Amino acid sequence: MGEGCGLDLRRWLEAMRAAGQVQEVLGADWNLELGTISEINVKRPQHRALLFDQIVGYPKGHRVLTCTTGTPKRLASILRLPVEEVSHQALVSALRGKPREWESRAKDYPPVVRQDGPVFERVMEGDEVDVLAFPAPWWHERDGGRYIGTGCAVVTRDYDSDWINVGTYRVMVHDRNHVGLDMVAGKHGNIQYRKYMEAQKPFPVAIVVGADPLLYLIAGVEVPYGMCEYQYIGAVLGQPVEVVEARGTGLPIPTHAELVLEGWIQPGATRMEGPFGEFHGYYQGKAAPAPVVEVERIYFREHPIILGSPPAKPPHDYSYSKAVMRSALLLEALESAGVPGVQAVWAHEIGGARMLTVASIKQQYAGHAKQCGMVLSQCGVGAYLGRYAIVVDEDIDPTNLEEVMWAVATRTDPEVDIDIIHRALGSKNDPMSVAYRYAAPFSSRAVIDACRPFEHLQDFPPVAEASRELREQVYAKWREALQWD
Ligand SMILES: Cc1cc2nc3c(=O)[nH]c(=O)nc-3n(C[C@H](O)[C@H](O)[C@H](O)COP(=O)(O)O)c2cc1C
């Protein structure tokens with residue numbers, strides 16, 4: 001086991017700079033320009049990460065970094081995956097089996113507590129506290145405010161155990177010393193928060209606003225209930241995370257964090273938060289009351305970097321990384337649930353890596369496809385804001401929407417192959433919640449069996465496409481004449 005890792009964003013940034021993966025942008029405005037530049041950038045193939053400096057109205061060195069996780073190369077480097085020729089396929093296959101390994105090894109990597117670290121280089125406390133001293137962007141036109149927390153990690157402690165949770169939740173700036181926190185019901189941070197509220201106790205919070213992107217990558221996916229994300233990250237790194245204890249709350253924060261807001265949510269303290277352009281591509285809902293953190297202290301390094309990760313209509317800043325991560329987790333969830341013969345899984349970016357998931361299987365028995373679809377739709381990783389879970393045969397590439405929809409169009413009889421699950425886990429963040437018909441946020445699911453009917457595998461019409469051998473033969477013969485490359 002190595003020495004420990006303080007989740008230093010600057011080390012990663014330097015490595016990426018050397019690899020030509022970072023573009024500096026000088027003089028952009030926090031008010032909509034950072035968001036719009038990032039949005040345009042992320043839709044370009046093989047885009048670079050953007051490091052904004054000299055942001056309008058802020059001193060040189062107060063920076064914002066976006067688009068960190070959007071390509072296979074950068075994502076592989078964040079996950080410390082030794083992939084030689086980095087391609088999407090190489091990344092996905094290098095990830096196979098990894099989440100299970102990380103989860104089982106997490107217990108071996110409790111964070112190491114240090115006495116000091118660069119995060120304590122500068123401290124604001126009491127009347128000095130000023131969240132507005134940092135260039136939090138106003139990301140989208142119809143947002144309800146400036147969001148300092150997007151690529152962030154919110155550190156909290158359970159009320160009746162020593163479980164530390166680290167989750168990514170959006171954080172809106174209210175004023176110099178108040179920020180709003182949107183933790184959806186059922187999320188681990190929200191579960192912990194509710195326990196404090198029931199006991200009428202203030203809820204301690206530390207919001208890490210910039211660190212190695214591995215932190216928000218893992219804080220933003222479904223690590224099992226009761227497990228600390230720092231330990232999971234330790235397993236990814238093969239060394240423990242180094243932390244210092246925040247001075248007021250004692251919450252552990254990475255020694256090399258860029259900027260941390262520490263404070264408390266008092267029982268019943270809420271303010272209007274949102275709306276915010278969300279991962280499915282809509283401004284969800286109107287402003288609504290959300291817990292408000294009274295910021296007691298701000299810790300930051302000289303020239304701090306805010307790690308921004310603004311969602312929007314996909315593909316967006318983190319849709320690729322979430323598609324890769326959630327697909328790997330779904331594959332393992334299916335295998336752990338005893339579904340055999342799963343070839344591949346893909347959580348499509350257009351569904352915000354949640355609302356449209358596809359698994360391909362090699363059918364082995366009657367009911368196999370249905371079993372796979374139901375688990376895909378309802379397992380822990382797939383349940384929240386799922387909508388369509390589709391199962392296809394092994395000749396269909398789940399990442400290729402044309403192939404998937406060809407299978408749906410040609411291998412289903414809607415009457416028998418589409419199952420509807422009623423009153424499943426819904427969310428106030430669902431754009432369709434305007435039309436929900438229940439008082440509580442339930443929503444339905446469609447599970448589509450787009451596999452050839454199992455009892456007709458032998459007599460199902462053959463695919464009308466030249467065989468691979470014939471294609472290769474003809475290609476080799478005609479390639480030059482037809483100037484195919
Ligand atoms: C950039 C980003 C922003 C997110 N914002 C929120 C949010 O505002 N509220 C929320 O409940 N989940 C949000 N999520 C999703 C959660 O991070 C995710 O569901 C995670 O599993 C929550 O952690 P937990 O399981 O420890 O609660 C966001 C994810 C990312 C990557």
Side-chain angles (χ1 to χ4, degrees), residues 35 38 42 65-70 75 78 99 103 106 137 139-140 143-145 147-158 163-172 179-194 205 207-211 213-233 273-280 283-285 288 290-291 293 306-312 314 316-326 329-330 347 349 352-354 380-386 425-430 441:
S38 301
V42 88
L65 176 66
T66 62
C67 308
T68 49
T69 62
L75 192 50
I78 292 168
E103 200 178 307
W139 294 106
H140 323 97
D143 285 353
Y147 277 79
I148 193 163
T150 50
C152 65
V154 179
V155 185
T156 52
R157 189 190 295 109
D158 200 19
W163 167 36
I164 296 288
N165 191 67
V166 190
T168 297
Y169 316 112
R170 71 191 197 206
V171 181
M172 182 174 127
V179 295
L181 200 52
D182 175 64
M183 297 175 292
V184 169
K187 304 288 175 98
H188 300 162
N190 183 284
I191 293 171
Q192 294 185 340
Y193 160 76
R194 284 178 184 280
V205 178
I207 302 168
V208 181
V209 173
L214 179 62
L215 178 63
Y216 103 97
L217 187 71
I218 300 303
V221 290
E222 287 72 15
V223 167
Y225 180 86
M227 180 175 282
C228 174
E229 282 77 2
Y230 284 143
Q231 296 196 215
Y232 192 99
I233 290 169
E273 189 270 349
F276 184 61
E278 269 297 354
F279 68 94
H280 38 51
Y283 293 94
Q284 187 36 45
V293 183
I306 293 176
L307 182 58
S309 189
H316 59 68
D317 191 285
Y318 61 87
S319 58
Y320 177 69
S321 59
K322 284 294 168 284
V324 170
M325 295 300 289
R326 205 159 274 124
L329 291 165
L330 284 166
E349 284 186 71
R354 288 193 188 275
V381 189
Y384 177 73
L385 258 175
L425 171 61
S427 167
K428 73 174 179 65
N429 279 338
D430 186 339

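Source: prediction; values computed, not measured. Heavy atoms only: backbone and side chains are in, while hydrogens, waters and symmetry mates are out. One-based numbering, in listed order, for ligands and for the atoms of each.
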Open item on the list: Just to confirm my output: which protein heavy-atom neighbour is closest to atom 25 (O) of ligand 1, and how far is it?
Closed with: His188 ND1, 3.4 Å
Task: Protein residue, atom and distance nearest to atom 19 (O) of ligand 1, heavy-atom basis - done: Lys187 NZ, 2.9 Å
Open item on the list: Assess whether a salt bridge exists between Lys428 and Asp182, defined as any Lys/Arg side-chain N lying under 4.0 Å from an Asp/Glu carboxylate O.
Closed with: yes
Open item on the list: Using a 3.5 Å cut-off on N or O atoms only, is Tyr169 in polar contact with ligand 1?
Closed with: yes
Task: Polar contact flag for Gly167 and ligand 1 (N/O pairs, less than 3.5 Å) - done: no
TODO: Please report which non-hydrogen protein atom sits nearest to atom 9 (N) of ligand 1, along with the residue it belongs to and the distance in Å to one decimal place.
DONE: Asp182 O, 2.7 Å
TODO: With heavy atoms of Lys322 as the reference, note each atom of ligand 1 found under 4.0 Å away.
DONE: 31 (C)
Open item on the list: Distance under 4.0 Å to a non-hydrogen atom of Ser309: what atoms of ligand 1 satisfy this?
Closed with: 1 (C)
- [ ] I would like to know whether Tyr320 and Thr69 meet side chain to side chain donor-acceptor pair (under 3.5 Å); could you show each step before the answer?
- [x] CA-CA 7 Å; Tyr320 177 69; Thr69 62; over 6 Å; no
Open item on the list: If you compare all heavy atoms of Leu307 against all heavy atoms of Ala211, which two are closest, and at what distance to 0.1 Å?
Closed with: CD2-O, 3.6 Å
Task: Ring centre gap for Phe276 and Tyr147 strictly below 6.0 Å - done: yes
Open item on the list: Give me the nearest non-hydrogen protein atom to atom 18 (C) of ligand 1 as residue plus atom name, then the distance to 0.1 Å.
Closed with: Gly220 O, 3.5 Å
TODO: Measure the distance from atom 26 (O) of ligand 1 to every protein heavy atom, then report the residue, atom name and distance (to 0.1 Å) of the closest one.
DONE: Asn165 ND2, 3.0 Å
- [ ] Enumerate the atoms of ligand 1 whose separation from the nearest heavy atom of Ala219 is less than 4.0 angstrom.
- [x] 17 (O), 20 (C), 22 (C), 23 (O)
- [ ] Using only heavy-atom distances, determine whether the side chains of Tyr216 and Ser309 contain a donor-acceptor pair under 3.5 Å.
- [x] yes
- [ ] Heavy-atom distances under 4.0 Å are what count here, so tell me which part of Asn429 touches ligand 1: side chain, backbone, both or neither.
- [x] neither
- [ ] Identify the protein heavy atom lying closest to atom 8 (O) of ligand 1, giving its residue, its atom name and the separation to 0.1 Å.
- [x] Arg170 N, 2.7 Å
TODO: Would you mind checking if Glu349 and Lys322 are paired as a salt bridge, meaning a charged N to carboxylate O distance below 4.0 Å?
DONE: no
Open item on the list: Quick check on contacts: which atoms of ligand 1 are under 4.0 angstrom from a heavy atom of Gly189?
Closed with: 27 (O)
Open item on the list: I'd like to know if Arg354 contacts ligand 1, where contact means a heavy-atom distance under 4.0 Å to any ligand atom.
Closed with: yes
Task: salt_bridge(Arg354, Glu222) N-O dist < 4.0 Å - done: yes
- [ ] Write out the residue and atom name of the closest protein heavy atom to atom 11 (O) of ligand 1, then the distance separating them to 0.1 Å.
- [x] Val184 N, 3.0 Å
- [ ] Would you mind listing which atoms of ligand 1 come within a distance below 4.0 Å of any non-hydrogen atom of Glu222?
- [x] 19 (O), 21 (O)
Open item on the list: To check you understand the geometry: which heavy-atom pair defines the closest contact between Ala353 and Arg326, and what is its length?
Closed with: O-CD, 3.2 Å
- [ ] Using a strict cut-off of 4.0 Å, indicate which atoms of ligand 1 neighbour a heavy atom of Thr150.
- [x] 1 (C), 2 (C)
Task: Closest protein heavy atom to atom 2 (C) of ligand 1, given as residue, atom name and distance to 0.1 Å - done: Thr168 CG2, 3.4 Å
TODO: Indicate yes or no for a side-chain donor-acceptor contact from His316 to the backbone of Phe279 under 3.5 Å, with no hydrogens or angles considered.
DONE: yes
Open item on the list: Minimum heavy-atom separation for Val171 and Tyr169, please, with both atom names.
Closed with: CG2-O, 3.3 Å
TODO: Give a yes/no verdict on whether any heavy atom in Gly186 is under 4.0 Å from an atom of ligand 1.
DONE: no
Open item on the list: Less than 3.5 Å apart, any donor N or O on the side chain of Tyr193 or Thr156 sitting next to an acceptor on the other?
Closed with: no
Task: Numbered atoms and elements of ligand 1 in range of Glu229, under 4.0 angstrom, heavy atoms - done: 26 (O)
TODO: Please name the residue in the list Leu215, Asn165, Ile218 that meets the side chain to side chain contact (heavy atoms under 4.5 Å, CB included) test with Tyr230.
DONE: Leu215
